[in-house]
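Data first, discussion second: the structure below is written as C-alpha cells.
Nothing fancy with the numbering, it's 1 onward along the sequence. The structure presented is a predicted model; accordingly, all values stated were derived computationally and were not measured.
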Amino acid sequence: MQRVIIVSLTWLSCFNFSLPAHAATAAEGQSSIPPRGALYQVSDGRHSLLLFGTIHVGAPDFYPLEPRLTRALSAAPVLALELDPDNGAAMQNAVQRYALYPDGQRIQDHLDPALAQRTIATLERMGLPLQAVQHMRPWMLAMALTVQEYGRHGYRTDLAVDSHLANAVRAHGGKVVELESADRQMSLFSQLTEAQQAEFLADTLRELDDAALSRKLDLLVTAWRHADSAGFATALKDMRQDDSFATRFTLKTLLQQRNPGLAKGVADLLRQHDGAVAAIGILHLVGPDSVPLLLKKTGLQVKQLY
C-alpha cells in the first residue's frame with residue numbers, strides 16, 4: 001500500500017508524541033545546497049510567484065533550502081500555505097468538531113471486537129496508552145498512528161517544512177495566509193461512514209504491520225530530498241494501482257478533490273501580489289489533475305524550475 005498522508009494534510013504536523021530525534025543532521029561545509037521537492041514559477045504577465053512542493057514533516061538535513069527559494073522567502077510579501085501552522089486555535093476547534101467522540105464515547109466501543117483487539121495490540125507495540133487516544137474517531141487514530149510511525153523513522157513534526165517556510169517569511173515581516181482551513185480539511189473525513197472509518201483504520205493497521213512501510217516512506221522522502229520528479233510520479237502511479245479503501249480515499253478526496261480549490265487560491269494570490277510564494281503538499285503538483293496543470297488551463301504561464 002502506498003500512502004501519502006505525509007504530503008496531504010498540514011494539520012498532521014500538530015501531532016508530536018515527543019519521540020527521540022535520530023534523523024541525520026545537516027552536513028556542515030556543504031559546497032552547494034541541492035534543490036528539494038519541486039519548484040514552479042507562475043506568471044500572469046504582470047505578477048509572478050513561486051509554487052513549492054512540501055512535505056508536512058521534516059528532518060535536520062532538509063535544511064537549509066536551496067538559495068533560489070531561500071532568497072524568494074526572504075523577500076516575499078506573502079506566503080500561502082494550505083494551513084498556517086501557527087493557527088493552533090483553528091486546528092484545535094476542528095479536531096474537537098470532527099475528530100473526537102463526544103464525552104463518554106470511546107473508540108473501542110465503535111469497533112468490532114477483532115479490530116478493537118488489533119488496534120490495542122498496535123498501540124501497545126508502539127508504546128501508546130489506549131487512554132491517551134481512545135477519544136479519537138477511527139480515521140483520526142489512523143492518522144495519528146501514521147505520524148507516530150513517521151517519527152519512529154526520524155521524520156519529525158517539529159521540523160515540518162511548512163513551519164520552516166512560515167518562520168522564514170515572518171522573520172522579515174511577511175504575511176502568512178491560508179489556502180484552505182483546518183475545518184475544511186478535517187470536514188473531508190466527515191464524509192466517511194462509521195464502517196468506512198473502521199476500514200480506514202484497518203488498512204492503516206495492515207500498513208503498519210507491513211515490513212515494506214519504512215522503505216516506501218524513505219523512497220518518497222528521498223524523492224523530495226532530491227527533487228526527483230520521476231520518484232513523485234512513481235508514488236502517484238503506485239497509489240492508482242492500489243485498491244485499498246484508505247488509498248482510494250486519499251487519492252480521490254485528499255488529493256484530487258482539493259486540487260481545484262488550491263489552484264484557485266494560488267491564482268488569486270498571483271493577482272493580488274508580486275513575488276509571493278505558495279507552498280502545498282508535493283503530490284498536489286503531480287499527475288494529470290495537478291495544480292500546475294489546472295493553473296495552465298486558466299491561461300497562466302507555468303514553468304517548472306526543478
Fill in: Pair Asp61 + Arg225: basic N to acidic O under 4.0 Å
yes
Practice prompt. Give a yes or no on whether a salt bridge exists between Arg258 and Glu180, defined as a side-chain N under 4.0 angstrom from a carboxylate O.
Written response: yes
Worksheet item: Thr250 and Thr247: side-chain donor and acceptor closer than 3.5 Å?
Response: no
Item to complete: Report the distance from atom CG of Leu100 to atom CE of Met136, rounding to the nearest 0.5 Å.
Response: 7.0 Å
Item to complete: Inspect the contact between Asp84 and Arg170 and indicate whether a charged nitrogen and a carboxylate oxygen are less than 4.0 angstrom apart.
Response: yes
Worksheet item: Any link between Leu293 and Val42 through a network of hydrophobic side chains (Ile, Leu, Val, Met, Phe, Trp, Tyr) touching at under 4.5 Å?
Response: no
Practice prompt. Nearest 0.5 Å please: distance from the CE atom of Met143 over to the CZ atom of Arg137.
Written response: 15.0 Å
Item to complete: Give a yes-or-no answer on whether the side chains of Tyr98 and Asp183 include a donor-acceptor pair shorter than 3.5 Å.
Response: yes
Fill in: Close side-chain approach of Leu141 and Leu123, heavy atoms under 4.5 Å
yes
Worksheet item: Can you list the steps and then say if Trp139 with Phe189 is a ring-ring contact (aromatic ring centres under 6.0 Å, His included)?
Response: CA-CA 7 Å; Trp139 69 263; Phe189 290 90; 4.0 Å; yes
Worksheet item: Hey, are Thr54 and Glu82 close enough side-chain-wise for a donor-acceptor pair under 3.5 Å?
Response: no
Response to the item:
All heavy atoms of Val266 vs all of Leu179, minimum pair found to be N-CD2, 4.0 Å
Practice prompt. Establish whether Met140 and Leu115 are linked, either directly or via other cluster members, by ILVMFWY side-chain heavy-atom contacts under 4.5 Å.
Written response: yes
Practice prompt. Drop me the distance from Leu83's CG to Asp162's CG, to the nearest 0.5 angstrom.
Written response: 8.5 Å
Item to complete: Return the orientation label for the Tyr101 and His110 ring planes: parallel under 30°, perpendicular over 60°, tilted otherwise.
Response: parallel
Discussion item. Regarding Asp109 and Arg106, does a basic nitrogen lie under 4.0 Å from an acidic carboxylate oxygen?
Written reply: yes
Discussion item. Any salt bridge linking Arg248 with Asp242? Criterion: basic side-chain nitrogen under 4.0 Å from a carboxylate oxygen.
Written reply: no
Worksheet item: Do you know which of Tyr155, Phe62, Phe232 makes ring-ring contact (aromatic ring centres under 6.0 Å, His included) with Trp224?
Response: Phe62
